[in-house]
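To keep things clear, I will list the structure first and then write my remarks on it.
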Amino acid sequence: MQAQFLNTRLDVSVSLLPGAASAIIFDCDGLLADTEDLWLRAVDACANAHGTTLGDLARFRGGAIDDVAAQLVTIFEVAGLPAPVVGELVKSLSEEFHALVAQEAIAMPGAVAIVSELAARFPVAVASNSPRALLDQILERIGVHTLITCSVARDEVSAAKPAPDLYVAALRKLRELDPSVNAETAVAFEDSAVGALAATSAGLLVVGVNADPAVVLGCHVRHNTLLDEELVAWAQVVERETPTHLEQSAVAVGSFDAATSTLTVQCMYSTEQAARVQVYAQKDCRWNELPESPPVAAASALTDREPLSMDLAHLPDGTYRFLLVTDGLVPEWNGRTGEFTVRTNVLVAQAAASKIAAPAVLSPKMPEQGVAAMTWNLWFGGCHSNDGHAKQVAYLQEFPYSIVALQECFGAHGRQLAAALGWNIAQQGHDTAVISPYPVSLHHTETDSFATCATVFTPNGAVTVWSVHLWHADYGPYTADDAGIPARYTLASRGERRRTAQLAEILSEQGRLESEGIVSVQDPILVMGDFNVPSHLDWKPGHRTNSVEWPASRMLEVAGYADAFRVIHPDVDAAPGHTWSPIIPADEEPRDRIDFIYSRGARALEAFTVASEIKSAAPPRLSATGKRRVGLDADILGHHLENAWPTDHAAVVARLAWR
């Protein structure tokens with residue numbers, strides 16, 4: 001996570017209908033087409049034909065044909081009636097429903113008008129639990145088939161609603177036609193609870209349309225019909241989202257060699273503008289701002305291919321920061337990447353560096369039973385701590401885990417760490433990696449900007465491992481801890497929905513890897529990393545100001561994954577497990593558990609955090625200012641440059657077993 005240190009109160013009187021969007025995705029049955037009653041009549045007719053009457057037809061509303069067929073087979077068996085196989089019942093239901101649709105299906109009030117209005121400015125998709133043949137029949141019957149950009153049907157994905165697969169597939173189709181489309185700027189319309197859950201699980205802002213107050217919709221905005229005045233007015237004025245082409249933030253990472261007084265800096269993107277590295281004394285240089293004082297050293301012509309070396313032997317003792325300056329501006333976050341300390345006595349400096357390289361915390365020794373896994377955000381590759389790389393190596397040499405999921409590798413830092421340890425690495429993209437002393441095989445996925453997937457071949461057997469780093473903006477606890485802000489406003493933020501969409505992509509890609517035989521469905525799966533979002537298990541009534549059903553943790557739970565730390569430590573009060581952030585005072589940034597190890601097909605034997613909530617025999621002491629307690633079991637770990645723990649996250653470790 002990249003700290004934002006901001007808690008802005010939201011105006012909860014404002015509608016959550018967005019002022020701009022990139023695409024619109026509609027459900028079909030019950031929303032665009034008045035077919036729900038026809039569907040229930042088809043279900044009832046099939047039940048009657050097999051000798052029973054269904055008392056509660058509403059439970060089948062919005063269900064996919066194959067799911068409903070399976071439910072009916074169970075009902076027949078419980079009633080002692082002859083039960084057909086599911087496939088036969090699917091055929092009967094489909095034929096009955098097709099016949100009713102062909103004769104009686106009509107558009108819902110306002111459906112054709114709102115689709116026409118929005119389709120004039122937006123790509124429009126349909127995501128339906130109906131099979132392809134039936135979906136095409138319905139869209140043509142109600143007269144909107146020529147307005148639809150693309151559609152996805154139940155028989156084209158692996159799981160029906162409430163799984164997010166239909167919406168993930170619809171977004172992919174739309175993105176192929178228009179790369180500016182994404183989940184956080186798209187809007188979904190749904191009328192059922194299962195549909196709303198599917199759309200929110202895909203990261204979309206969801207407009208629920210249902211006049212029945214008894215139907216609980218997990219949506220962000222709710223209207224009774226498509227004719228509601230506010231909704232009609234919104235459809236007329238909502239603008240097309242202007243694509244923002246965000247290039248990778250300009251970042252310079254570097255290392256300072258105390259023995260030679262040389263600063264080596266590597267630019268992390270190809271600079272087409274004039275670029276300079278400028279070094280300032282710490283007291284003169286604020287984060288992300290160009291100081292008024294002149295730099296104590298500077299050098300130019302930086303590219304992403306050639307590192308730049310600067311001889312700084314002339315500098316007096318002190319702490320310095322270096323900035324990458326392009327055309328007189330300091331790019332966002334760049335100021336946080338470069339900080340180093342110069343000491344006159346090199347031997348003393350080297351001794352100090354080796355001395356603090358030992359871990360700052362006492363981690364339990366891992367028993368041989370099971371496989372020890374760790375997730376670790378390196379914090380800009382380790383550049384925020386003096387000798388950060390050496391501290392990373394020292395920790396993993398003392399506690400050599402079997403699998404380590406890394407985030408914030410910043411290109412080469414994960415590879416450097418693996419090389420120093422003599423380990424293997426799988427890395428996809430700039431950010432995430434999986435390292436292990438055991439053989440590792442990388443799997444290419446559509447998640448290269450935020451996740452890496454690999455198989456690790458341990459002595460206990462193969463395991464599929466995901467290293468995950470979900471989007472950092474709109475950190476939920478800033479607003480969720482405010483009693484005056486309903487949870488739906490927090491969950492509607494673009495950052496929150498982007499994280500949800502990324503996790504939906506990960507689950508979708510895991511399903512693809514299994515279906516294509518790239519990974520075995522028999523292998524256990526670990527999803528580990530910095531999620532930048534808390535767990536719904538920690539936000540139960542009485543534990544925080546509000547109770548929030550954070551979607552990422554809920555989605556993994558529904559998909560069969562277990563939270564290793566919470567399995568071992570179910571009492572939230574006794575073991576909060578906070579991983580964000582051991583170096584930031586609690587009054588400046590809300591504490592929470594945002595780093596996780598989730599497992600499916602493996603059981604947790606032990607779990608703990610490193611650099612957070614670890615008891616120490618040494619009492620906490622006041623900082624130099626006398627205002628903050630520092631040290632283990634204290635408010636913060638202290639000044640991050642000299643911390644032996646070289647990151648702003650606590651890590652999570654779990655020992656797992658399978659087979």
Side-chain angles (χ1 to χ4, degrees), residues 1-4 164 167-168 171-172 175 179-186 201-204 244-249 251 268-269 332-333 375-381 404-415 425-435 442-454 464-476 493-513 525-535 550-553 555-556 559 561 579-580 594-598 647-649 652:
M1 174 165 174
Q2 297 171 339
Q4 299 165 77
Y167 281 101
V168 171
L171 285 165
R172 284 178 178 165
R175 199 156 45 239
S180 69
V181 173
N182 56 60
E184 68 223 56
T185 57
S201 297
L204 288 89
T244 54
H245 301 289
L246 297 176
E247 297 182 358
Q248 182 183 343
S249 296
V251 171
M268 303 305 291
Y269 81 128
E332 181 183 8
W333 289 109
T375 181
W376 200 7
N377 183 313
L378 297 180
W379 196 20
F380 279 65
V404 179
L406 302 176
Q407 301 87 48
E408 294 197 25
C409 291
F410 273 64
H413 288 276
R415 295 186 180 94
I425 183 170
Q427 180 170 344
Q428 180 177 256
H430 177 74
D431 192 324
T432 58
V434 176
I435 64 174
L442 173 67
H443 304 305
H444 293 284
T445 66
E446 297 296 323
T447 63
D448 61 301
S449 64
F450 57 89
T452 291
C453 181
T464 303
V465 180
W466 285 87
S467 177
V468 174
H469 191 192
L470 303 185
W471 186 242
H472 66 275
D474 294 329
Y475 184 45
S493 73
R494 285 193 175 187
E496 203 60 65
R497 291 189 292 108
R498 182 168 179 173
R499 284 186 283 276
T500 303
Q502 288 175 334
L503 185 56
E505 287 275 2
I506 289 168
L507 293 175
S508 175
E509 284 291 83
Q510 175 64 32
R512 178 187 65 81
L513 294 173
I525 307 165
L526 304 182
V527 180
M528 311 195 291
D530 173 9
F531 283 58
N532 279 317
V533 60
S535 168
W550 300 102
S553 55
M555 288 166 64
L556 284 162
Y561 292 82
T579 61
W580 180 258
I594 62 173
D595 299 79
F596 301 94
I597 295 178
Y598 287 96
T647 173
D648 58 345
H649 279 251
V652 182

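The basis for the numbers below is simple: all heavy atoms, side chains too, and nothing from hydrogens, waters or symmetry mates. Source: prediction; values computed, not measured.
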ask   = Do you know the tightest heavy-atom contact between Asp474 and Gly495?
value = OD2-N, 2.7 Å

request  = Please answer whether the main-chain N or O of Ala451 pairs with a side-chain N or O of Gln428 as donor and acceptor at a distance below 3.5 Å.
outcome  = yes

message = I'd like to check the salt bridge (Lys or Arg N to Asp or Glu O under 4.0 Å) partners of Arg415; sequence neighbours left out, ordered by chain and number.
response = none

ask   = Which pair of heavy atoms, one from Gly381 and one from His413, lies closest together, and at what distance?
value = O-ND1, 3.3 Å

key: Close side-chain approach of Cys453 to Glu509, heavy-atom, < 4.5 Å   = no

query = Can you tell which of Asn532, Asn377, Thr579, Thr375 makes a side chain to side chain donor-acceptor pair (under 3.5 Å) with Asp595?
reply = Thr579

query = Given the rule in the side-chain contact (heavy atoms from CB on, under 4.5 Å) test, do Leu556 and Leu507 qualify, once you have shown the distances and angles that lead to the verdict?
reply = CA-CA 8 Å; Leu556 284 162; Leu507 293 175; 4.0 Å; yes

remark   = Applying ring-ring contact (aromatic ring centres under 6.0 Å, His included) to Phe596 and not counting sequence neighbours gives Phe531, Tyr598

query = Can you list the steps and then say if Thr447 with Gln502 is a side chain to side chain donor-acceptor pair (under 3.5 Å)?
reply = CA-CA 8 Å; Thr447 63; Gln502 288 175 334; over 6 Å; no

task = To the nearest 0.5 Å, tell me how far Met528 CE sits from Ser467 OG.
result = 7.0 Å

key: Nearest non-hydrogen partners of Ala202 and Ala501, listed with the distance   = O-CB, 3.2 Å

remark   = Between Leu503 and Leu470, the two heavy atoms sitting closest are N-CD2, 4.4 Å

request  = Apply ring-ring contact (aromatic ring centres under 6.0 Å, His included) to Trp550 and list each qualifying residue two or more places apart in sequence or on a separate chain.
outcome  = Trp539

query = Quick one: CG on Asp648 to CH2 on Trp580, what's the gap to the nearest 0.5 Å?
reply = 4.0 Å

query = Side chains of Leu171 and Leu204: closer than 4.5 Å at any heavy-atom pair?
reply = yes

inquiry  = So, taking the atom named CD in Gln427 and the one named CG in Leu442, what distance separates them when rounded to the nearest 0.5 Å?
reply    = 9.5 Å

message = With side-chain contact (heavy atoms from CB on, under 4.5 Å) as the criterion, how do Ile425 and Ile435 come out once you've worked through the C-alpha distance, each side chain's angles and the decisive distance to 0.1 Å?
response = CA-CA 4 Å; Ile425 183 170; Ile435 64 174; 3.6 Å; yes

key: Nearest heavy-atom neighbours spanning Ala433 and Thr452   = N-OG1, 4.1 Å

note = Interatomic distance, CZ@Arg175 vs CD@Glu446, rounded to 0.5 Å, equals 8.5 Å

key: Any donor-acceptor pair under 3.5 Å from Thr185 side chain to Val181 backbone   = no

ask   = For Trp466, which of Thr432, Leu526, Thr445 qualifies under side-chain contact (heavy atoms from CB on, under 4.5 Å)?
value = Thr445

request  = Please report the shortest heavy-atom distance between Asp431 and Ser449, naming the atom on each side.
outcome  = CB-O, 4.2 Å

remark   = Value for NE2 (His430) from CZ (Phe410), rounded to nearest 0.5 Å, stands at 5.0 Å

ask   = Within the side chain of Arg499, is there an N or O that forms a donor-acceptor pair under 3.5 Å with the backbone of Gly203?
value = no

Pair Arg512 + Glu505, salt bridge at N-O below 4.0 Å = no

task = Would you check if Ile594 and His649 make a side-chain contact, meaning some heavy-atom pair closer than 4.5 Å?
result = yes

remark   = So CD1 of Ile506 and CE of Met555: to nearest 0.5 Å the spacing works out to 9.0 Å

